[in-house]
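Below: the structure, in structure tokens.
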Amino acid sequence: MGDKKDTAHRHLTLLCLYVAQSIPMSFFSSVVPVIMREEHYSLESIGLLQLIKLPWIFKLFWAPFVDDKTKSLRDYKRWIIGSELFYALIICVISLLSLKINFPLIVGLIVLAFIASATQDIATDALSIQILLKRNRSLGASMQSMGSFIGTMVGSGVLLVIYHQFGWNSLLLGLVGFVLVALVPLLFYKKEVPSAKTADQQETFSRKKKIRLVELLTFFKQKQIFKQVFFLILFYSGIITILAMLRPYLVDLGYSKKEIGYLFGILGTITATICSLLAGFLIRRYGKKNCRVGIAFLILTATIYLLWVSLGHTDPVHIYSGILFLWGTYGMATVIVYTMSMDLARSGREGTDFTLQTVLTHLSGMLLAVLGGQIAGKTSYSWLFGFGVLLSLISFFYNLLIYKTQIPENENLA
């Protein structure tokens, strides 16, 4: 009973930390542009707001420093709590400023806050690898995925309602409240390591070698590591390509902003959250290899279904079914990606290696979103969805025939 309670506390702690970092990201990147447009800001100014996402790409360059300075659970708590308190302080300062008068300053402060949030993410990712037994990592990955989707739902939905009811200042103070409350489970987390640790975790909190920026390159020197790199780029490439253009597709079909917001911001994220939790249990029960192939097949099926929808079957039932199917498989896909990335993080370099792998998926996703827009603009949505099917087909056969087994454990931890 005690072990189950401790495991549940770990998962709750991780879920809260991922929600804490996801809500502000979703709010500032999704809701603030809407508020700015309502206040008649130029599209150029709104476009400038996208700069706030840069710290989540460049964080891999200071991830080795975070790894080097974490030797115990106390160190992880200092990084996470310190980053979140700084984050909360910056948001409090922003709440005192006027969006109309102080816009450039606000953008600069948001970037600064996101540097702190990205640092918290590095430390949280490393901590999750450290405190979870390998058999529980899939559920830990579920907490990460669920935290992201829950944060998106709250950040892009609930906070927008608060804004219309109470205004800018109250909204940001409410955001600070979300961030601080989410830290509570970590404050009460005491057990540094589980009593039954596996051999590869025995040196979990030992740091004998200084971690430097060159660790980013040594990750790629591992034998067969490019099998993992191609997996990260390919696995949900078909989903990302289609998701990037789904909202414009629905606009062209005549759906209102309210309907699109409800479908994506509520139904889609709830579906992804539920499927993320389901994926964690499935991976634990059937293993990464079987689930990797099975989820790749579901991704292929979802993209084929949406291609079929785009060829004239655009009644609401098929549209809703296709989008929820896609969101569900996206939720499951993130869990298997996170789980495998956890397992391939080398001892002592957990934050660096996990961050590097997630940044690879983000960068490839950004490029595919741009490419998808070009395809849809020059041809049609059906061609875009067909391209998504092709990517998903390549991913399925890659996982089925080429990436049959994970990289040997002794090499992962070298």
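All residue numbers in this chain count up from 1 along the given sequence. The structure displayed is predicted, hence computed values, not measured ones.
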Is any side-chain heavy atom of [X] less than 4.5 Å from a side-chain heavy atom of [Y]?
| X | Y | result |
| --- | --- | --- |
| Thr352 | Leu60 | no |
| Phe220 | Val229 | yes |
| Thr361 | Ile233 | no |
| Gln222 | Leu344 | no |
| Thr241 | Leu371 | no |
| Ile274 | Leu278 | no |
| Leu183 | Ile80 | yes |
| Phe264 | Ile323 | yes |

Tyr403 six-ring centre to Arg292 NZ/CZ under 6.0 Å and within 45° of normal =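 Yes, a cation-pi geometry.
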
Cation-pi check, Arg346 to Phe219: give yes when NZ or CZ is under 6.0 Å from the six-membered ring centre and within 45° of the ring axis, no otherwise.
->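 Pair Arg346/Phe219 does not count as cation-pi.
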
Between His9 and Pro185, what is the shortest heavy-atom contact and its length?
->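 Heavy atoms of His9 and Pro185 come nearest at NE2-O, 3.1 Å.
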
Nearest heavy-atom pair of Ser276 and Met146: which atoms, and what distance?
->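 For Ser276 and Met146, the tightest heavy-atom pair comes out as CB-CG, 3.8 Å.
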
Less than 4.0 Å between a side-chain N and a carboxylate O, is that true for Lys59 and Asp121?
->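 The answer is yes: the pair qualifies as a salt bridge.
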
Could you measure the distance from the [atom1] atom of [X] to the [atom2] atom of [Y]? Nearest 0.5 Å is fine.
| X | Y | atom1 | atom2 | result |
| --- | --- | --- | --- | --- |
| Leu234 | Ile402 | CG | CD1 | 9.0 Å |
| Met340 | Lys288 | CE | NZ | 7.5 Å |
| Asn290 | Asn399 | CG | CG | 12.0 Å |
| Ser142 | Arg137 | OG | CZ | 14.5 Å |

Can you name the ring-ring contact (aromatic ring centres under 6.0 Å, His included) partners of Tyr236, sequence neighbours left out?
->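 Tyr236 satisfies ring-ring contact (aromatic ring centres under 6.0 Å, His included) with Tyr330 only.
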
is_close_aromatic(Tyr249, Phe385), centroid dist under 6.0 Å =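 Yes, the ring centres sit under 6.0 Å apart.
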
Please collect all ring-ring contact (aromatic ring centres under 6.0 Å, His included) contacts where either partner lies in residues 275-307, sequence neighbours excluded, each pair once.
->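 For residues 275-307: Phe297-Phe396, Tyr305-Trp308.
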
Apply side-chain hydrogen bond (donor to acceptor under 3.5 Å, both in side chains) to Thr124 and list each qualifying residue two or more places apart in sequence or on a separate chain.
->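 Only Gln120 meet the side-chain hydrogen bond (donor to acceptor under 3.5 Å, both in side chains) criterion with Thr124.
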
Going by the angle between their ring planes, with limits at 30° and 60°, are Tyr338 and Phe354 parallel, tilted or perpendicular?
->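 If you compare the ring of Tyr338 with that of Phe354, the planes turn out tilted.
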
